[in-house]
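When a ligand or atom number is given, it counts from 1 through the structure's own listing order.
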Amino acid sequence: EELTIIRKFEHIEHCLKRQVEAHVTNQFENIHFVHTSLPEIDKDEIDLSVEFLGRKFDYPIMIAGMTGGTKGSQLAGRINKTLAKAAQELNIPMGVGSQRAMIRNPETWESYYVRDVAPDIFLIGNLGAPQFAETMPDRYGIEEALKAVETIQADALAIHMNPLQESVQPEGDTQYRGILKALAELKSEFPYPIIAKETGAGVSMEVAIKLESIGIDAVDVGGLGGTSWSGVEYYRAKDERSRNLALKFWDWGIPTAISVVEVKYATDLPIIATGGIRDGIMIAKALALGANLAGVALPLLKPAVKGDVEGVIRVLQRYIDELRNAMFLVGARDVEELRKVPLVITGFAKEWLEQRIDLAEFLRVRRRK
Ligand code: FNR
């Protein structure tokens with residue numbers, strides 16, 4: 001148990017102090033809006049609210065899960081409570097980090113608990129997919145999933161899929177057999193929505209179709225182009241061999257923008273676009289491609305560690321200003337209208353998508369016919 005807790009602490013340290021982002025982009029630079037000289041709306045009338053899993057939020061942005069359960073100076077508790085206060089203020093959803101530490105050490109529950117400062121937010125618990133694998137000793141089932149959600153009074157559970165990170169760390173959980181079946185069983189009896197989330201390598205349309213077929217409620221594409229978990233593991237590596245493996249796979253995965261298109265094209269799943277979202281124009285593009293929300297993690301970590309609620313809000317407010325401005329310049333009064341504005345896809349994103357989907361059809365109707 002100690003190991004899990006220390007590992008989470010090291011992750012935060014490296015994310016704060018080192019360059020942990022991918023060296024390649026999330027491909028939003030290859031998604032283009034077509035500027036509108038006559039928007040025919042007033043900028044002030046733009047409505048940024050969205051519905052997601054039966055709840056209404058003021059902005060189409062979520063705070064992606066980062067932490068909980070770390071030891072020392074109540075660091076994780078401070079991070080989560082700071083993020084939660086910002087989420088409460090803005091009426092946006094928020095996730096906590098992996099609750100594995102809490103399942104093992106129930107006394108760490110308070111570091112995930114934010115209801116005292118954020119009574120109304122849509123809160124998402126978090127467990128790892130490998131914990132549900134057929135070959136995992138003491139594998140998780142409905143009992144652990146219920147504990148994760150109910151201990152912190154969450155509204156939904158995220159199951160993170162992170163085979164990349166697990167595969168490049170010496171102590172990684174590389175058991176992934178039977179997870180789809182386990183999630184199907186869990187879904188059939190679990191009373192809360194389940195979000196399947198990647199953590200930086202993106203979700204392909206093949207995986208999205210499988211997740212939809214077992215009734216998963218939403219997908220967070222967690223694409224390539226933001227925080228790289230192989231990058232984080234590179235800094236944690238203790239020897240040359242592990243360092244090499246992590247370095248080789250630093251930029252592995254499906255870029256966020258491309259992953260959103262794949263999932264949108266092939267399924268009807270609600271989509272969260274996370275992975276290198278660093279301004280409001282990217283958020284606007286993600287929504288235009290069909291995402292329901294955009295998720296942000298790393299840029300919020302620094303102010304959150306300091307307990308700086310205003311700092312977290314300042315970052316998000318900048319994104320909101322930029323999003324609203326982009327919507328004005330394409331004449332979109334709300335997110336529904338943003339989903340219908342023309343887009344142009346160039347370069348690497350175009351080359352990739354032309355080999356994977358009927359891109360012309362997607363650009364017309366933003367899904368498969
Ligand atoms: C994460 N992320 C993450 N995801 C998850 O499902 N469980 C977890 O415990 C964590 N822990 C975590 C810690 C820290 C410090 C960071 C920065 C991130 C992944 C996160 O939710 C998100 O998918 C990625 O970080 C990509 O978004 P950004 O960081 O590029 O905006």
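In summary, the atoms of ligand 1 found under 4.0 Å from a heavy atom of Ser98, numbered by their order in the structure, are 7 (N), 8 (C), 9 (O).
Counting side-chain heavy-atom gaps under 4.5 Å among Ile, Leu, Val, Met, Phe, Trp and Tyr, the cluster of Phe249 also holds Leu164, Val168, Leu245, Trp252.
Under a 4.0 Å N-O distance rule, the pair Arg318/Asp279 does not qualify as a salt bridge. Ion pairing between a basic and an acidic side chain is recognised when a charged N comes within 4.0 Å of a carboxylate O; Arg115 and Asp155 show such pairing.
Here the protein heavy atom with the shortest distance to atom 20 (C) of ligand 1 is Gly65 O, 3.6 Å. For atom 27 (O) of ligand 1, the closest heavy atom belonging to the protein is Thr274 CG2, 3.4 Å. Protein heavy atom in closest approach to atom 29 (O) of ligand 1: Thr227 OG1, 2.5 Å. Of the protein's non-hydrogen atoms, the one nearest atom 1 (C) of ligand 1 is Trp229 CZ2, 3.3 Å.
Among residues at least two apart or in separate chains, side chain to side chain donor-acceptor pair (under 3.5 Å) pairs with a member in residues 207-229 are Lys187-Asp217, Asp220-Thr274.
Counting heavy atoms closer than 4.0 Å to ligand 1, residue Asn126 contributes side-chain atoms (C-beta onward) but none from N, CA, C or O.
If you check the side chains of Asn162 and Tyr176, you find a donor sitting under 3.5 Å from an acceptor. For Gln131 and Glu144, the side-chain atoms include no donor-acceptor pair closer than 3.5 Å.
Among Lys197, Met66, Arg278, the residue whose heavy atom lies nearest to atom 4 (N) of ligand 1 is Lys197.
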